[in-house]
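Contents: one structure, followed by commentary.
Chain letters run A, B, ... following the sequence lines, proteins first and then strands; every chain starts at 1. These numbers come from a predicted model, not from an experiment.
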There are 2 protein chains.
Amino acid sequence: MPRHTSQSHDGPKISDATVKRLSKYYRTLQNAISAEKTTISSEEIARLNGLTAAQVRKDLSFFGAFGRRGLGYNAVDLHRNIGQILGLHRTWNVCLVGAGNIGTALAHFRQFAEQGFLFKLILDSDPAKWGTKIGDLEIQDFERCDDLVKREKIKIAVVAVPGLAAQKAVDRLVAAGIKAILNFAPVTILVPPGVYVRNENMVIEIEALSYALTSKGGHRPRTGTLPVV
Amino acid sequence: MPRHTSQSHDGPKISDATVKRLSKYYRTLQNAISAEKTTISSEEIARLNGLTAAQVRKDLSFFGAFGRRGLGYNAVDLHRNIGQILGLHRTWNVCLVGAGNIGTALAHFRQFAEQGFLFKLILDSDPAKWGTKIGDLEIQDFERCDDLVKREKIKIAVVAVPGLAAQKAVDRLVAAGIKAILNFAPVTILVPPGVYVRNENMVIEIEALSYALTSKGGHRPRTGTLPVV
DNA sequence: GTGTGTGAAGGGTTTCACAGCA
DNA sequence: TGCTGTGAAACCCTTCACACAC
């Protein structure tokens, strides 16, 4: 059985669900380390995230064998390994597109910087905003995105523009060399193969809650609906 | 074969994925109606959302037979039917918890109100904020959440508090009668059965992008990664 | 002919259960 | 004994392909 150590890029296709759970484990381990825990079991990681221990072990097993039988996982080691898998052992320069309500809030959102995602560029198409600052970054003309994205070698963009402007903005960003997009515009955007998008559509999420309340009992979301521990 | 018309609550369990797609169809239909289209095919709904026509038809088939063979769907009828399914034929009163960067941005986010989700209550635990307004709503003491949530008969809360405060805040909200939570705090919160949560964890999403870029080719997110049409 | 509605097939993810090792 | 690592089973979701209605 191919036992690849952490790096991963070959091997079986890893599901989106697994990747998102690894993110959770990563944060769980950060907390465990802060609390001076040296060892942690799949059982405990699972409990803290509302999952099963088998799920945790299976997720990790795609990337290697990080634990010790009978003992559990070394918190620091596993944290470092997951960091490598997810590409969090480095920092990423990020471009923010759209400096409205949501965009401005995201620019101030601490967790991004804490996990190594650094805004280096803020673009907006409203001339009134050009030259004004968010933090210590000046808002710049979106029309210049080609030059600026290339100059800063930015691969990740966070898009927070109105729905109608989103697809066009994304097309420009992709042409400028952006390879991954976190989209907060309330529309599903389409991109060419090789570019990754995550649509963070808050309207869809709240409508899913509406459905759950409307069709009581018929359906239960999977995430986080476990008894309080 | 049980042919339930739109309402739905019995019948087969509907997957989360299906519910989220229905939200997309709903918006697609709104656009089609605005563009004066009277009829639309599963093929077209699919194309506009980067999905397959079979997927669209299957999703709808769980709730009834809304189309006409050889013709397609009546846009207005299907829109109304999906609205009924998702519980969007009514308005929902919503409580915002946490009036920081993200919370304030969400309070201003138009799409929520446009789809019938109305903020009626804004709570924060910072005394400095009490009495100040966002729009025409005064920020109130989170400690009063029991009374206020009950008085306004609110079932949905949008939580945008710091990670460390999130689980405690949610426990209070659930005790006050909240049944559905849209959580923007960067932690997975756990709730008792019968309460629905959606964790909108932006850090997880951006880390999934980091993974995609790090392990090029090994994995491809499913959503929205289709060729531009 | 056209496009829906739907069983059945196919593919993927989670859970199970136990072998294996400290 | 305790807990990981992992094939196999179970489950769920998507895709296929075609009967059927217009």
Under 3.5 Å side-chain donor-acceptor pair for B/Asn49 and B/Tyr25: no
If I take atom CG from residue A/Leu173 and atom CG from residue A/Leu123, how far apart are they, to the nearest 0.5 angstrom? 7.5 Å
Those residues of residues 30-42 of chain B lying under 4.0 Å from DNA chain C by at least one heavy atom: B/Ser41, B/Ser42
Mind checking A/Arg57 for me? I need base, sugar-phosphate or nothing, with any heavy atom below 4.0 Å counting as a touch. base
Look at A/Gln55 and C/dT15 and indicate whether a side-chain polar atom (N or O) is within less than 4.0 Å of OP1 or OP2. yes
Taking the side chain of A/Lys58 as heavy atoms from C-beta outward, which of D/dT4, C/dT6, C/dT14 is closest to it? C/dT14
Test applied, side-chain contact (heavy atoms from CB on, under 4.5 Å); reference residue, A/Leu78; option that passes from A/Leu60, A/Thr28, A/Ile33, A/Thr39: A/Leu60
With the side chain of A/Ser15 defined as its heavy atoms from C-beta on, choose the nearest nucleotide among C/dT13, C/dG20, C/dT14. C/dT13
Give a yes or no on whether a donor-acceptor pair under 3.5 Å exists between the nucleobase atoms of D/dC22, that is its base, and the side chain of B/Arg68. no
Quick one: does any side-chain atom of B/Glu205 pair with a main-chain N or O of A/Glu200 as donor and acceptor, under 3.5 Å? no
Using a heavy-atom cut-off of under 4.0 Å over every strand shown, decide if A/Ala53 touches base, sugar-phosphate, or nothing. nothing
Hey, does the side chain of B/Tyr73 come within less than 4.0 Å of D/dC22's phosphate (OP1/OP2), counting only N and O? no
